[in-house]
Amino acid sequence: MKLLRAISGNHRAVVRALGRRNFCAPSEEYAKRNYASSEVEYNTVITSLTAQRRNYLLRDVYDDMMLDGVKPERDTFHSLIVGTMKGARVQDAFFFRDEMKAMGLVPDVALYNYLISSCGKCQNSDLAISLLEEMKRFEVKPTGQTYICLLHACAASGRLDRVYAIVRDMTAAGLGLNKYCYAGLILAHMNKSPPSDDTASKIIELVEQSKGWSSVDHTTDIAENVMKGIYEEELYNLPTAEYIHRRAGFIARQFTVYHVAFVACADLRDVQATERLLDMLEKEGKTPDVFILMQIMRCFLGAGDLDRGLRIFEEYMSSNRPPIVELFATLAEGAMLGYTPRGMQVAQDVLVDLNNRGMFLGFKMANDLLFAASGEKTGGYTVANLLWDMMKARKMTPLFPTVEAYYKGLKEREIPEDDPRLMDVTAVIDNLRTRVGPGGGR
């Protein structure tokens, strides 16, 4: 039955299986085709795919394990679920959970934490709560980390009622609130729908309260996270999660509550609240890290204060600290808001400076900036053209919606049909349409 389920659920796996088995390939040829033949080798593949963020291939790897007759043990299932958690593939995570149970392996507390975290990434607090109930049925004792994962899963949905209920449960269990709990409370207020008029004041109040935070219990699941290369910022889906591996003073982990608070104020475009947070930091004798500087710039630029946003950037660049690509991208994106002539010129200047320094935008940053620049209606389209050329020089092909937006912007201008740039973009968009099919993959 296991083989039939694998075959019916994955046609690509069937093709591979037929190619390997039914045609009786010689052993040498089989060895060349087969990328793994033991649990250890499959674990190496799973770890590699997770590191490359190719999480969508983990189901294929699992199907191949079944077809090869390799039985996954507990550690393999943990690796699979960690990979799906990092890729926010909650359906795959629960599939692996069910497969694990079918093989007689009872999920432990660390695995439940990963599943709850996956629910948070998909803003499904109902599913996260059901997992806690399942833990009780299977007599798996929640840890402090479990409650924090649950708190953040509910915070992602803006469920203040559930978040405060979890806080009460933690307090009743003798668990103190740590910085990650206060970060979750801030996120819950920020994500509440409809938003409250006093959101900014609540954020400031929570930052003040967090200064007396205490530690929750430290249990063996912490060691498991270290072994799997999972930071708590990733487990709790904090805004800093994608930057936590960066060096050069990008993230100061003691600023966790401030990180979330500055992000919230930047999203609200609340300059007064941002200035209040800055004053609080200064009174503590602390210097903002790069992530906080990015949020301060976002807030000022989002509020239309280009001069202050530019000043933050210039002060950093003159401080002899290492140049950071994300600061260039933040300034360029914020300067383009409203597509004013001066803002577009600032964006162009900062991108030219970035290029002259031999620095490069990552794919996501370049794609997002090009999409934003493509919305310019009246200017010379210089920034969009510059970003297209920068991506082309790095052999990057933007996502279809971005290419489509750039193409429409070109077509709205008086450009001859035989213009080399227009012809190049036309060829790219035609190729992408063929690959993604109707609807453009949106």
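Each residue takes its place number in the sequence, starting with 1.
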Report the distance from atom CD of Glu326 to atom CZ of Arg246, rounding to the nearest 0.5 Å.
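Between atom CD of Glu326 and atom CZ of Arg246 there are 4.0 Å.
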Would a line drawn from the ring center of His245 to the ring center of Tyr231 be shorter than 6.0 Å?
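Yes, the ring centres sit under 6.0 Å apart.
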Is the distance between the ring centroids of Phe77 and Phe96 under 6.0 Å?
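No - the distance between ring centres of Phe77 and Phe96 does not fall below the 6.0 Å cut-off.
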Is there a side-chain contact between Met391 and Thr397 in this structure, where contact means two heavy atoms from C-beta onward sitting under 4.5 Å apart?
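Met391 vs Thr397: side chains apart.
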Listed by chain and number, what are the salt bridge (charged side-chain N to carboxylate O under 4.0 Å, His left out) partners of [X], not counting sequence neighbours?
X      : value
Glu139 : none
Arg421 : Asp389
Arg269 : none

Just wondering, are more than 12 heavy atoms of other shown residues or ligands nearer than 6.0 Å to NZ in Lys364?
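Check fails, neighbour count at 12 or below.
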Looking at Phe255, I want to see if its CZ is surrounded by more than 12 non-hydrogen atoms of other residues, nucleotides or ligands under 6.0 Å.
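Check passes, neighbour count above 12.
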Check whether [X] reaches the backbone of [Y] with its side chain - one donor and one acceptor, N or O, closer than 3.5 Å.
X      : Y      : answer
Glu39  : Glu73  : yes
Thr434 : Asp430 : yes
Asn55  : Met85  : no

Identified side chain to side chain donor-acceptor pair (under 3.5 Å) counterpart of Arg298 within the set Asp267, Thr330, Thr274:
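Of all the options given, the one that passes is Asp267.
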Under 4.0 Å between a side-chain nitrogen and a carboxylate oxygen: does that hold for [X] and [Y]?
X      : Y      : answer
Lys121 : Glu234 : no
Glu232 : Lys179 : no
Glu412 : Lys377 : yes
Arg59  : Glu99  : no

Shortest non-hydrogen contact from Pro72 to Tyr62?
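Heavy-atom minimum between the residues: CG-CE1, 3.8 Å.
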Show the numbers, then the answer: is there a side chain to side chain donor-acceptor pair (under 3.5 Å) between Ser125 and Arg162?
CA-CA 9 Å; Ser125 60; Arg162 287 180 171 176; 2.9 Å; yes
